[in-house]
Amino acid sequence: MPDAARPPRHVLILGGTTEARRLAAALVPGAAGPPEPGQAPATALRVTTSLAGRVAAPRLPVGEVRIGGFGGPEGLARWLREHAVDALIDATHPFAGTISFSAARAAATAHVPLLALRRPGWVPEPGDDWHQVTSLDEAAAALPDLGSRVFLTTGRMGLAHFAHLTDPWFLVRSVDAPEPPHPPRMEVLLDRGPFTLEGERALLRAHRIDVLVTKDSGAAATAAKLTAAREAGIPVVVVRRPPVPDGVPVAANPAEAVEWIRAVTAPLSARPVHTEPIGFPHPFH
């Protein structure tokens with residue numbers, strides 16, 4: 001079919017993050033406002049964002065939206081084929097490891113180019129007292145030696161890993177209310193970022209926090225707690241993020257992802273020459 005007569009290229013974004021929403025806005029013509037002088041208008045694309053449905057009131061992106069799972073990698077591969085997806089973007093949370101590996105398997109099965117959009121992780125600064133671990137279980141094991149009043153910001157889904165700790169008191173911050181099992185001595189703070197440095201300072205003082213537990217999400221909207229902990233001399237248990245599946249190219253921001261999408265969805269005659277297999281360029285590593 002000639003490119004002029006072809007339906008718009010279809011991009012599926014596995015979303016739920018700020019980066020996913022920004023990417024959708026950059027891809028949907030007109031969503032980010034008119035182009036700057038001298039800037040080419042956005043290429044017509046069909047953009048669908050898929051949300052897991054774990055948050056009661058998610059912030060919806062522009063473009064088409066679907067909510068719910070796919071039924072594993074086989075179900076996702078089937079969806080990619082049935083909806084003629086030309087490019088798949090894994091812009092899920094850095095700790096959503098299961099969907100990332102499902103996306104890699106599905107993309108390979110359906111022969112759809114896949115890109116991971118991952119914001120850079122946090123980097124310790126002078127004065128930080130970080131204790132890096134590889135799992136929530138390791139984080140829980142580290143707590144008895146570090147403090148007794150814990151500010152836990154790892155999300156409501158992982159509280160079971162701390163449920164056996166009966167001595168520490170936990171302040172748990174999450175978007176939605178957690179469900180059991182969870183630590184017996186716990187107060188829940190329902191809130192959504194971005195958070196200010198002054199607000200985080202006040203929270204640590206008011207609750208007499210002496211240890212912070214966080215995942216290395218790398219989000220600027222939630223980084224103020226790290227600065228507040230550094231200022232207060234509070235140790236921080238940082239759960240390292242899981243790796244991106246082998247062979248999947250990575251973009252550090254939506255602008256890089258847009259460039260990659262334009263490369264893989266461009267007409268064949270307009271595509272640059274790559275040393276990678278056709279259809280799976282790896283411009284970003």
Side-chain angles (χ1 to χ4, degrees), residues 16-17 52-58 69 72 92-102 118 121-124 128-193 195 199-219 221-245:
T17 60
R54 293 179 177 175
V55 177
T92 57
H93 192 277
F95 284 84
T98 300
I99 185 60
S100 294
F101 281 90
S102 291
R118 292 287 186 273
W122 290 318
V123 178
D128 281 326
D129 181 14
W130 282 17
H131 301 258
Q132 299 195 45
V133 297
T134 60
S135 67
L136 291 177
D137 285 331
E138 286 188 15
L143 285 180
D145 294 329
L146 295 175
S148 60
R149 295 186 66 81
V150 185
F151 184 23
L152 188 59
T153 65
T154 55
R156 65 188 176 92
M157 305 300 292
L159 291 185
H161 297 271
F162 302 88
H164 65 286
L165 296 176
T166 57
D167 291 334
W169 176 88
F170 289 83
L171 175 64
V172 175
R173 183 165 66 191
S174 65
V175 176
D176 294 318
E179 298 179 356
H182 51 63
R185 303 180 63 218
M186 180 184 77
E187 180 178 332
V188 176
L189 175 62
L190 298 181
D191 204 354
R192 190 200 301 259
F195 302 106
E200 299 293 62
R201 289 168 175 158
L203 184 148
L204 296 182
R205 289 194 301 267
H207 295 279
R208 295 179 287 117
I209 299 298
D210 58 13
V211 60
L212 166 66
V213 182
T214 184
K215 292 178 178 178
D216 180 17
S217 65
T222 56
K225 62 191 174 188
L226 300 175
T227 302
R230 183 190 316 123
E231 293 176 349
I234 293 173
V236 181
V237 180
V238 180
V239 183
R240 298 191 191 101
R241 58 177 64 179
V244 171

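Here the structure is a predicted model, which is why all the values come from computation and not from measurement.
Residues that satisfy the salt bridge (charged side-chain N to carboxylate O under 4.0 Å, His left out) test with Asp128, not counting sequence neighbours, are Arg230. With sequence neighbours excluded, the residues satisfying side-chain contact (heavy atoms from CB on, under 4.5 Å) with Ala224 are Leu197, Glu200. With sequence neighbours excluded, the residues forming a side chain to side chain donor-acceptor pair (under 3.5 Å) with Asp137 are His161, listed by chain and number. Every residue two or more places apart in sequence or in another chain that forms a salt bridge (charged side-chain N to carboxylate O under 4.0 Å, His left out) with Glu231 is listed here: Arg201. With sequence neighbours excluded, the residues that form a side-chain contact (heavy atoms from CB on, under 4.5 Å) with Pro184 are Thr166. Pro94 meets the side-chain contact (heavy atoms from CB on, under 4.5 Å) test with Arg118, Arg119, Arg241; sequence neighbours excluded. Evaluation of the salt bridge (charged side-chain N to carboxylate O under 4.0 Å, His left out) rule for Arg205 yields Glu198 as partners, not counting sequence neighbours. In this structure His93 satisfies the side chain to side chain donor-acceptor pair (under 3.5 Å) test with no other residue, sequence neighbours excluded. The side chain to side chain donor-acceptor pair (under 3.5 Å) test applied to Lys215 returns no partner, not counting sequence neighbours. Applying the side-chain contact (heavy atoms from CB on, under 4.5 Å) criterion to Ala229, with sequence neighbours excluded, gives Leu212, Ile234, Val236. Shown here are the side chain to side chain donor-acceptor pair (under 3.5 Å) partners of Thr17, two or more places apart in sequence or in another chain: there are none.
Using a distance-only test at 3.5 Å, with no hydrogens or angles considered, a donor-acceptor pair links the side chain of Asp210 to the main chain of Ser148. Using modelled atom types, no side-chain atom of Asp216 and backbone atom of Val238 make a donor-acceptor pair closer than 3.5 Å.
Put simply, OG1 on Thr227 and NZ on Lys225 are 11.0 Å apart, with the number rounded to the nearest 0.5 Å. Atom OG1 in Thr153 sits 11.0 Å away from atom CG in Leu189 (nearest 0.5 Å). Separation of atoms CE (Met186) and CG (Leu152) is listed at 9.5 Å; rounding is to 0.5 Å. Summarising the geometry, atom OG1 belonging to Thr214 is positioned 4.0 Å from atom CH2 belonging to Trp122; distances are rounded to the nearest 0.5 Å.
The shortest distance between side-chain heavy atoms of Leu146 and His131 falls below 4.5 Å. Side-chain contact check for Val213 versus Phe170: every heavy-atom pair is 4.5 Å or farther apart. Thr154 has its side chain within reach of Phe162: a pair of non-hydrogen atoms, C-beta onward, lies under 4.5 Å apart. By the 4.5 Å heavy-atom criterion applied to side chains, Trp169 and Ile209 are counted as neighbours. When side chains are defined from C-beta on, Pro144 does not count as touching Asp167, because their heavy atoms never get closer than 4.5 Å.
Listed here is the closest heavy atom pair of Phe95 and Pro242: CD2-CD, 3.6 Å. The two residues Leu159 and Pro178 come nearest to each other via the heavy atoms CD1-CB, 3.3 Å. The two residues Gly158 and Leu136 make their nearest non-hydrogen contact at CA-CD1, 3.8 Å. Considering every non-hydrogen atom in both Ala177 and Leu190, the closest pair reads N-CD2, 3.6 Å. Taking every heavy atom of both residues into account, Leu165 and Ala140 meet most closely at CD1-O, 3.7 Å.
Checking Thr222, Asp176, Val175 one by one against Arg192, the side-chain contact (heavy atoms from CB on, under 4.5 Å) holds for a single residue, Val175.
Residue pairs meeting the salt bridge (charged side-chain N to carboxylate O under 4.0 Å, His left out) criterion with at least one member in residues 138-149: none, sequence neighbours excluded.
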Worked verdict on Arg173 versus Leu203 for side-chain contact (heavy atoms from CB on, under 4.5 Å): CA-CA 11 Å; Arg173 183 165 66 191; Leu203 184 148; 4.0 Å; yes
